[in-house]
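So you know, we letter chains A, B, ... as the sequences are listed, proteins then strands, and number each from 1. All figures in this text were calculated on a predicted structure; none of them were measured in a lab.
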Protein chains: 2
Amino acid sequence: MRKALGDSNKMKENTRQRLIDATYEEVYSHGYQGAALADILANAGVHKGSMYHFFANKKEMALAAINEKIAERFGTRYLAIAKGDRDYLANFFEGLRDLNQRDFRRGCPVANIVQEMSNIDEDFNTAMKEIYAKFRQSVKIIFDKAVSVGELRSCDTAKLALFTTSTLEGAILSAKASGNSQDYLDCVECLISYIESYKHG
Amino acid sequence: MRKALGDSNKMKENTRQRLIDATYEEVYSHGYQGAALADILANAGVHKGSMYHFFANKKEMALAAINEKIAERFGTRYLAIAKGDRDYLANFFEGLRDLNQRDFRRGCPVANIVQEMSNIDEDFNTAMKEIYAKFRQSVKIIFDKAVSVGELRSCDTAKLALFTTSTLEGAILSAKASGNSQDYLDCVECLISYIESYKHG
DNA sequence: AAACGATTTGACCAAATAGTCAAGAGGGTG
DNA sequence: CACCCTCTTGACTATTTGGTCAAATCGTTT
């Protein structure tokens, strides 16, 4: 029966998805090395043997979680702006200023894993390099669009995107270090005024 | 005998210092959670019981290492510039551009620990908050001096220092993520041009 | 030289860790 | 109904982890 098959697949996907979600949360909160498999399983409500049916080991599961959850996140957040047909900069700035999109206690999921794992494990290094490059690329696309509609003057948007993403990551870090989200906002305003210096031309 | 007493203290300090050094290196390379006590002891050439004579536990030793080694580092690097009597900005920029002062593979020791530990452990959170605040403060002092000798126009140096340190941390992160130190240099040039926009006035 | 405190040694321990596995449940298909 | 494949269960293991401790060592003081 089609319906029964569908349910079966849904259950399977459900278990796998619960593992992915719980792994992402645990890694985001405690880092990869600090993530306890037992806690992930408890939070997902999945038994150990079941987990090893879906993933070869902790590392593979974590990499899957990172790729799927972060790709999902960035896919919606930044690409949506580039999909529009104007107000690229304004929409981008609005997103930067929106504190609801940020969790300063835990910081940026990407930055956390880059800092912890890039120099420790080659597979993590590769994965994070890709994700971070995609982040920069999607910001560059926003700037390119902004140039194309005259919101920015023609400039090296790749470098501008690099500077923007770097500063953004630094701003989140500062707020995490100080425990003060105002630090993030102050940085963002400086960043925006820098970007706006490319407006007229 | 004075001499013998001196030697004894030196030996004691030697053991403790070797532990501090090895702990700092291990934590810098693998993070706190990834730092294996056994490796630290092996690298320091110190036995376990001996270590527990000097430190209550792994955490206390790591906190001591972080405080002593990073305080030492920042004490020399940034305070030295403020101690001079001119060319504050030029000296600061020169330091930023000097790649020899950076290890992009491992990133910034401060940022690494903030990212890993600030939301996990209250003692680490407190320690890193202090260190990061000192970092910002020492950069602010450089800018204040620059204002006082007319290298910068009068402005909110606290915010400028916040933006500068944040962007710097973000630049180091970007280079760590991409494995390309040029990314750091590009960010630094953007940052410098931003700071220089406060020159005339 | 005896006594003392500070340091070192290395064996030992309990807890936690990731990972294994054999047995079974459950639904889909012949 | 019996077979099969996917998925689940939970006990088990091997290893590593941070931490303990009693005995020995060493220099200093009396």
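Considering only the side chain of A:K48, C:dT20 comes nearest among C:dT9, D:dT8, C:dT20. Set against D:dT17, C:dG19, C:dT8, the side chain of B:A36 has D:dT17 as its closest nucleotide.
Residue B:T15 places no side-chain N or O under 4.0 Å from the OP1 or OP2 atom of C:dT7.
In the model, B:S178 has no side-chain atom that pairs as donor or acceptor with a side-chain atom of A:Y132 under 3.5 Å.
Atom pair B:L19:CG and D:dG19:P shows a separation of 14 Å (rounding to whole Å applied). One can place CG of A:L41 at 14 Å from C1' of C:dA16, the figure rounded to the nearest angstrom. When the C1' atom of C:dC12 is taken as reference, atom CG of B:L37 falls 16 Å away, rounded to whole Å. For the pair A:H47 NE2 and C:dA18 P, the interatomic distance rounds to 17 Å; values are reported in whole Å. Per the geometry, CE belonging to B:M51 stands 15 Å off P belonging to C:dT7, to the nearest Å. With rounding to whole Å, A:H53 atom NE2 is found 13 Å from D:dT9 atom C1'. Atom pair A:D39:CG and C:dT17:P shows a separation of 7 Å (rounding to whole Å applied). For A:Y52 and C:dT20, the OH to P distance is 7 Å, given to the nearest whole Å.
Contacts of A:A35 with the nucleic acid, taken as non-hydrogen atoms under 4.0 Å apart, involve only primed sugar atoms and P, OP1 or OP2.
In this structure, B:K59 is not positioned above the aromatic face of B:F124 in the sense of NZ or CZ being under 6.0 Å from the six-membered ring centre and within 45° of the axis. Relative to the ring axis of B:Y32, B:K58 places its NZ or CZ within 45° and under 6.0 Å from the centre.
Sorted by first then second residue, the ring pair (Phe, Tyr, Trp, His ring centres under 6.0 Å) pairs that include residues 151-177 of chain A, not counting sequence neighbours, are A:F163-A:Y194.
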